[in-house]
Each structure stands twice: as C-alpha cells, then as structure tokens.
**Q** 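After the structure tokens below, expect a handful of questions from me.
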Amino acid sequence: MEEITMINLPRGTQDILPGESEKWQYLEQKFIELCSRYNYKEIRTPIFEHTEVFQRGVGETTDIVQKEMYTFPDRGGRQLTLRPEGTASVARAYVQHKLHGQVKQPQKLFYHGPMFRYERPQAGRMRQFVQFGIEALGSADPAIDAEVIDFAMTLYQSLGLKSLRLVINTLGDHESRTAHREALINHFTPVKDELCSDCQVRLDKNPLRVLDCKRDHDHPSMETAPKILDFLTNDSRDYFERVKKYLDELEIDYVVDPNLVRGLDYYNHTAFEIMSEAEGFGAITTLSGGGRFNGLIEELDGPATPGIGFALSVERFLLALDAEGIELPVEQSLDAYIVALGEEAELKASGLMKNLRAAGLQADKDFLAKKMKAQFKAADRENAKFVLIIGDQELEKEVVLIKEMASGTQEAVPFDSIINYIKERL
RNA sequence: GCGAUCGUGGUGAAGUGGUUAACACAUCGGAUUGUGGUUCCGACACGCGUGGGUUCGAUCCCCACCGGUCGCCCCA
C-alpha cells in the first residue's frame, strides 16, 4: 500500500474474517456440545496470570518458560504473563476457589480461548493460537484417563477426520521417575560431550527430555538408553495397564511409544498425543496432547489432587480437516432480501424488514441505493431464498411481490401475510 | 534464535533497464429506464514492500531493512 504508516497485525497473529470465522464458530459449537455430553463444565480464566503460575505450574526447565513466554510488568510493577497454555490457570483457579472442597468430584472442566507463545510462526504454529481443552481434577481412576482420550478422539472423528494416530506412554509416578532419572544421568554422562548443547543442559535439569531430542536422535547412546518402562513401580505399571484396558474396552486404537515425552514438567503417568497422518500435512503433525498431572495442584499450594486433561489447537484442527479435504457445513444463506425501488418504498422496506426479523427470519436489504438489477445480484450472492420486491405499484396496493429464487416463481402477497407466506415455504 | 524462499491492482498472476505495467477472476456501469445466476460491451495500478545505491533512465541490477511463507529447535 502507498500508506507508509499502515499498521499490520503483529507477527504470528491472524485476523479471522467472515467466511473463515464461521468454521471457528462451528468447531467451537461442536466442542461445547461434546463437553455437555461428557458432562464437562466451562471455566473461564484470565488471559494473563502472574508469571509465577506458569513458572511453578509448567516448570522452570521447559522451553515455554525459558524462552516462549510473553511476560511484562504492569503499571503496578507486577510480573504478568500472557497464558502459554491452559492447565496451569485451571489448576490455579481450582486451588484459589477451593474447588477441591466441592461435593462433586472429580471437577470436570473445559475451556477454550487464545494462548500465547513467542515462537517463529510456521504452518500450524502461531504466536497467538486457540486451544480447546478439558481437565478432570480430583480423580486417579484410569477410567477417566481413557475418558479424556476418548473425548479427544471422538471430537476429531465426529468431524470426519480419519488419518489419526494416537500415541500413548506412561511417565510413571514420582518414585519411578526418580529411579529412571538417575539411570539416565548415569547412562548419558559418559558421552555428555558428544551431545548437543541443549542436551548437555537438559542432562542436568531434566534428563528425560534428552530422549526427546531430535538432534541427537541418532546418537548410539539413544538406542541403549534406559526406558521408563523398566523403572516403573508396580503401581505405575498397573495403572498404565488399566488405562490401556479401558482404551481397549472403548475400542480406541493406540500405539505405545516409550519415547513420548511431554514438554511440560507437570506430566506424570499417562501421556498422549494425537497426530495427523494425512498427506500434505505440514511438518508439525501433533494435533493435540495431554496427560496426567498428579502433583500440579500441590505445586500451586493446593491439597494433593490428581488430575488429567488435554488440549487441542484449533488452527491445527482446521489444517487437518483441510488436509483430508473435509468441508465444514457452514453455508450461509438469507431467508429474505428486500428489493426496494424509490424513496417511499425504501422507507416501507425498513419497516417490513424489522417485522421479518422479529419473526425470527434472517433478512437484509440494500443500503447503497443500487438499481434493481444490482439488488437482485446482491440477493443472489447472499443466497437469499426469497426476494421481496416493493415499489410504487405495490405500495399502492399494500402488497409485496415475493419471488422464490430457486424456482423463479413470483406472487403478490398482502403486507400482513408476508411472514406466514415465507414461513410456510421455508 | 538459526536457515531457505518470496514480496506487482480487491484476488490469482505475466512482464521488461527506456514513451500507454499483459491476461484472468472479482467489482462497478451499460445493452435489458421494475427482476438474479447466461451472453456482449465498457471502466478499474498517479504504480510494481520500504529506504538507499548503480545508471542518462529502474518495477526489472546491487545493498540494507521490513513483511509473508516454509523448515530447524520445540510444541498445540
């Protein structure tokens, strides 16, 4: 544009315009509908929190906290952060409002809204992106792990996605993880110098994540690295087995990947990811991820409370639908479009239109003083089912010509019969 | 943070160091002075991301910056 000062939106954000926004509404509606069927209730938390919520909740060693947070001081000097994910906020609210004291347990909650991470944007990754998520707090029953996974798969499948891959793993309990961690440190320390710089740091802080490194993926030490499955306590192993049994009962296909490590510190026991295997999908294939986070509530100063949840990205959801060639049913149409000719007719048209709308019909008219032909074109573009024509002749007789666009048939209808006439024919 | 690639009208897109920047779609107007989706005719970039340089002359060459896209890392 010639305007040097034209302001564009910030990198990694997007405007969702009419034509696109209907799809977002549609997905949101389907999500909320499914939440209702699974009996999850909405919780709305702020879009920013005290930075500490994420430092403690998500974990100091995570990439999110170390380099991706939008953190800023407010005018009162408080350190605030635009939420990079939803679970920590939900946990904070659960503690703050003492939801653990509610009779109803587990607390089954859902949320949807924008999240923020400072990253280089690419296909399926934005700095502001939208997540749908559910969390079940207060139950350590493997059945609810399966319920959360089932929810996620059902949501995708109900919209027609087929090329899905569910990967699950267990990260074990505290005892399992401590033993595994020690074994990992012992295993990798001798070859520490051969690992990438990130992994050298990870080895000290969170050795589990070395396993997940793409750069060192082919290092010989990876093959022989100790697996969490070998360090699971009997309880952990048993828990994982029961989760799988429930998944089998629900007829959900999955593959176990012992190297699946979630990027957030709070996860333990069940971890899972759902990926798209559709042709032509971008480099990022993860549609959603989740897992169990027993201990998170304690980390945020609440009572020991188990929890599990997952979150999906709406952006990636739409990409996956696109990759599989699925069109969402979001056709827009109008019940009635009023074509008015002349000043007096224009005036009357406004009154008639208000009546139509009051009767629950979708109605619109021209506001650019266009010629009749152009008004018809507009009506056609809007997918109007009926066009009401009013000019001097009609005004005189107190009728309107109603044309059914699909058939082309047209009739004169008295003012007071318009609504019935249209409703009978919709 | 690193790498690759691209940046021409509302959209898609051609193009050349030199007087008028193709074409298509969309839009608007007319043929049809009260009727859509077809057809025909016409209109539509004071300008080729921004700034600087080379040149008699740059949209096209060079440099920088900004921005988009894709990828790496990591993740939703």
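Order of the sequence lines fixes the chain letters, A, B, ..., with proteins taken first and strands second; residue numbering starts at 1 for each chain.
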**Q** Which part of the nucleic acid, if any, lies within reach of A:G408 when heavy atoms closer than 4.0 Å are counted: base, sugar-phosphate only, or nothing?
**A** base

**Q** Using the C1' atom as the reference point in each nucleotide, state the distance between B:rC60 and B:rG37 in Å, no decimals.
**A** 42 Å

**Q** What distance, rounded to whole Å, do you find between the two C1' atoms, one in B:rU59 and one in B:rA26?
**A**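 Those two atoms are separated by 25 Å.
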
**Q** Could you tell me whether A:A379 contacts a base, only the sugar-phosphate backbone, or nothing, with contacts defined as non-hydrogen atoms closer than 4.0 Å?
**A** nothing

**Q** Could you give the distance separating B:rA43 and B:rA24 at their P atoms, to the nearest angstrom?
**A**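 It comes out at 12 Å once rounded to the nearest Å.
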
**Q** Tell me whether the side-chain N/O atoms of A:R11 come closer than 4.0 Å to OP1 or OP2 in B:rG68.
**A**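 Checking A:R11 against B:rG68: at least one side-chain N or O falls below 4.0 Å of OP1 or OP2.
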
**Q** Taking atom types as they are modelled, would you say the side chain of A:K377 forms a donor-acceptor pair with the base of B:rG37 within the 3.5 Å cutoff?
**A**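 Under the 3.5 Å cut-off, the side chain and the base do not form any donor-acceptor pair.
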
**Q** Closest to the A:K373 side chain: B:rC28, B:rG34, B:rG36?
**A**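 For the A:K373 side chain, the nearest candidate turns out to be B:rG36.
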
**Q** Would you please confirm or rule out a distance under 4.0 Å between OP1 or OP2 of B:rG29 and any side-chain N or O of A:K371?
**A**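 The answer is no; no side-chain N or O of A:K371 sits under 4.0 Å from OP1 or OP2.
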
**Q** Does B:rG18 have a Watson-Crick or wobble partner in any strand here, with both distances under 3.5 angstrom, and which is it?
**A** B:rC56

**Q** Any carboxylate oxygen within less than 4.0 angstrom of a Lys/Arg side-chain nitrogen, looking at A:E49 and A:R92?
**A** yes

**Q** Could you tell me the Watson-Crick or G-U partner of B:rC28, where both distances fall under 3.5 Å? Say none if there is no partner.
**A**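 Its partner is B:rG42.
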
**Q** Look at the side chain of A:R125 against the base of B:rA76 and say whether a donor-acceptor pair falls under 3.5 Å; ignore hydrogens and angles.
**A** no

**Q** Let me spell it out: for each of A:I389 and A:T285, pick the nucleotide of RNA chain B with the closest heavy atom. Which residue's pick is nearer the 5' end?
**A**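 Nearest nucleotide further toward 5': that of A:I389.
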
**Q** Can you tell me how far P in B:rG29 sits from the matching atom in B:rA21, rounded to whole Å?
**A** 27 Å

**Q** With a 4.0 Å cutoff (strictly under), does any side-chain N or O of A:K370 reach OP1 or OP2 of B:rC28?
**A**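 It does, given that an N or O in the side chain of A:K370 lies less than 4.0 Å from OP1 or OP2 of B:rC28.
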
**Q** Does A:R316 contact B:rC75 through a side-chain donor or acceptor facing the base, at a distance under 3.5 Å?
**A** yes

**Q** Examine the base of B:rG36 for any acceptor or donor lying under 3.5 Å from a partner atom in the side chain of A:D380, and report the outcome as yes or no.
**A**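 Under the 3.5 Å cut-off, the side chain and the base do form a donor-acceptor pair.
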
**Q** Return the nearest nucleotide to the side chain of A:Q122; candidates are B:rC72, B:rG36, B:rA76.
**A** B:rC72

**Q** Give me the distance, rounded to whole Å, that separates B:rU55 from B:rU8 when you measure between the C1' atoms they each carry.
**A**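 Between the two C1' atoms, the distance is 23 Å.
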
**Q** Could you tell me whether A:E394 contacts a base, only the sugar-phosphate backbone, or nothing, with contacts defined as non-hydrogen atoms closer than 4.0 Å?
**A** base

**Q** Look at the side-chain N and O atoms of A:Q375 and state whether any lies under 4.0 Å from the OP1 or OP2 oxygen of B:rG36.
**A** no

**Q** If only atom types and distance count, is the side chain of A:K108 paired as donor or acceptor with the main-chain N or O of A:Y38 below 3.5 Å?
**A** yes

**Q** If you look at every strand shown and take non-hydrogen atoms under 4.0 Å, does A:E315 touch a base, only sugar-phosphate, or nothing?
**A** nothing

**Q** Check the distance between B:rA76's C1' and A:F281's CZ and give it to me in whole angstrom.
**A** 11 Å

